[in-house]
Number of protein chains: 2
Amino acid sequence: MATASVPESELSTGLLLFLPYRALESRVFAVLASAGFDDFTPAQARVLQRVGPDGTRLTELAGQAQITKQTAGFLVDQLEKAGYVTREPDPSDRRARLVCLAERARAAQPVAARVVAEVEAEWEAHLGKRRMAQLRQSLTLLREITDPYA
Amino acid sequence: MATASVPESELSTGLLLFLPYRALESRVFAVLASAGFDDFTPAQARVLQRVGPDGTRLTELAGQAQITKQTAGFLVDQLEKAGYVTREPDPSDRRARLVCLAERARAAQPVAARVVAEVEAEWEAHLGKRRMAQLRQSLTLLREITDPYA
DNA sequence: TGACTTTGATAAGAGACTCTGACTAATTTG
DNA sequence: CAAATTAGTCAGAGTCTCTTATCAAAGTCA
């Protein structure tokens with residue numbers, strides 16, 4: 001039996017996905033902190049990221065972030081105290097409340113968006129336009145079978 | 001100026017990377033648990049994953065996982081109690097100790113490897129052989145600029 | 001060599017995150 | 001309407017992570 005040549009990378013696709021994800025998140029977090037948005041934690045940010053423009057229910061946030069309702073509630077409490085979100089009654093269901101973006105979150109958003117664009121530009125410069133586009137396309141396809149909320 | 005069409009996906013590349021990563025990790029974790037390897041946590045697993053075949057120093061594990069040495073030590077303590085790793089003196093530096101894989105970790109490895117292979121096969125079936133290969137290639141390239149330990 | 005700095009690791013304590021279980025209130029269903 | 005489901009909260013415990021401080025071994029350099 002012929003000896004197979006060792007592939008250029010022995011890392012699992014999982015770790016290969018994780019490394020750039022973590023790099024991006026760290027960059028965004030660092031820039032936000034130095035821009036004065038240093039009063040929230042990564043866990044809070046991951047929930048905040050999921051709040052839609054018209055508000056999102058706690059259960060929905062918990063589902064998307066794959067944490068329990070209790071944990072989501074705990075994190076939203078803190079985001080609320082720090083002025084990033086408000087809780088409004090949901091007109092369509094009196095049991096529910098909508099978590100809505102507050103002023104401070106709307107101020108942070110463009111800062112975060114700028115960093116994401118910057119990092120993505122660096123990636124595109126390294127990979128080339130073609131490969132970057134293919135990467136996003138493949139990841140979008142992959143989302144169909146890996147994101148329960150796609 | 002012509003109005004640009006809305007891209008097919010509005011998700012940031014970061015979230016697109018995260019979703020399949022999380023899906024893979026969850027699958028592996030679930031299968032390991034149902035195979036009897038249910039006595040470690042995700043945080044412990046992320047450290048265990050980094051232990052090399054010849055042992056790895058605590059500081060190295062902490063660096064790769066991007067956690068503090070103290071946190072890494074805390075997690076290794078628990079992995080040691082559960083029988084997944086041992087700590088051996090490092091012959092080349094009497095300050096250091098090598099975290100080494102123990103019997104239980106060697107037993108879990110093939111189970112984990114099988115699930116990873118299974119999930120990657122599903123992804124390849126969805127994307128096609130060509131796109132899957134391109135995806136891994138692009139991610140490997142991206143690692144050059146996003147992994148400080150590449 | 002001997003003082004100084006760096007590096008590997010640990011200890012103590014506090015804060016943050018997350019879970020399970022139990023509960024209330026509103027809605028949906030049969 | 002009664003039963004089951006769904007949205008959310010409360011209480012408590014366990015886990016994870018950090019900061020600060022300390023010790024011991026190794027490296028640096030005058």
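A, B, ... follow the sequence lines: proteins, then strands. Residue 1 opens every chain. What you see is a predicted model, and the numbers here were worked out from it, not measured in a lab.
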Side-chain donor/acceptor of [X] to backbone N/O of [Y], under 3.5 Å:
| X | Y | result |
| --- | --- | --- |
| A:E120 | B:T13 | yes |
| B:T56 | B:G52 | yes |
| A:S34 | A:V31 | yes |

message: What's the separation between atom CD1 in B:I67 and atom NZ in B:K69, rounded to the nearest 0.5 Å?
response: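 Atom-to-atom, B:I67:CD1 and B:K69:NZ are 12.5 Å apart.
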Residue-level proximity of [range] to DNA chain D when a heavy atom falls under 4.0 Å:
| range | answer |
| --- | --- |
| residues 91-102 of chain A | A:R95, A:A96, A:R97 |
| residues 31-48 of chain B | B:T41, B:A43, B:Q44 |
| residues 78-89 of chain B | B:Q78 |

task: Name the first nucleotide and the last nucleotide along DNA chain D (5' to 3') that come under 4.0 Å of a heavy atom in chain B.
output: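 Contact span on the strand: D:dT15 to D:dA26.
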Using the ring-ring contact (aromatic ring centres under 6.0 Å, His included) rule, collect all pairs that involve [range], keeping only residues at least two apart or in two chains.
| range | result |
| --- | --- |
| residues 67-97 of chain A | A:F40-A:Y84 |
| residues 94-118 of chain B | none |
| residues 125-150 of chain A | none |

DNA chain C contacts among residues 62-77 of chain A, heavy-atom distance under 4.0 Å: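 Contacting residues: A:I67, A:T68, A:Q70, A:T71, A:F74, A:L75.
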query: Where along residues 19-30 of chain B does a heavy atom come under 4.0 Å from DNA chain C, residue by residue in number order?
result: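 Under 4.0 Å from DNA chain C: no residue of residues 19-30 of chain B.
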Partner residues of B:E124 under the side chain to side chain donor-acceptor pair (under 3.5 Å) criterion, sequence neighbours left out: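 Only B:K129 meet the side chain to side chain donor-acceptor pair (under 3.5 Å) criterion with B:E124.
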message: Could you go through B:T86 and B:V99, starting from their C-alpha distance and side-chain angles, then the distance that decides it, and tell me whether this counts as side chain to side chain contact (heavy atoms under 4.5 Å, CB included)?
response: CA-CA 6 Å; B:T86 57; B:V99 177; over 6 Å; no
- prompt: Taking 5' to 3' order, which nucleotide of DNA chain C is first and which is last to have an atom within less than 4.0 Å of a heavy atom in chain B?
  reply: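 For DNA chain C, the relevant span reads C:dT7 to C:dA11.
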message: Can you tell me which residue among A:R97, A:R57, A:R95 is in a side-chain hydrogen bond (donor to acceptor under 3.5 Å, both in side chains) with A:D90?
response: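 Per the side-chain hydrogen bond (donor to acceptor under 3.5 Å, both in side chains) rule, the option paired with A:D90 is A:R57, out of A:R97, A:R57, A:R95.
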- request: Decide side chain to side chain contact (heavy atoms under 4.5 Å, CB included) for B:E144 and B:D147; before the verdict, give the C-alpha distance in whole Å, the side-chain angles of both, and the deciding distance to 0.1 Å.
  value: CA-CA 6 Å; B:E144 294 171 1; B:D147 182 8; over 6 Å; no
Without placing hydrogens or testing angles, list every side-chain donor-acceptor pair under 3.5 Å for residues 15-29 of chain A, not counting sequence neighbours.
unit_1, atom_1, unit_2, atom_2, d
A:Y21, OH, A:E25, OE2, 3.0
A:R22, NH1, B:Q64, O, 3.2
A:R22, NH1, B:A65, O, 3.4
A:R22, NH2, B:Q64, O, 3.4
A:E25, OE2, A:R46, NE, 3.0
A:S26, OG, A:R22, O, 2.8
A:R27, NH1, A:E122, OE1, 3.2
A:R27, NH2, A:E118, OE2, 3.3
A:R27, NH2, A:E122, OE2, 2.9

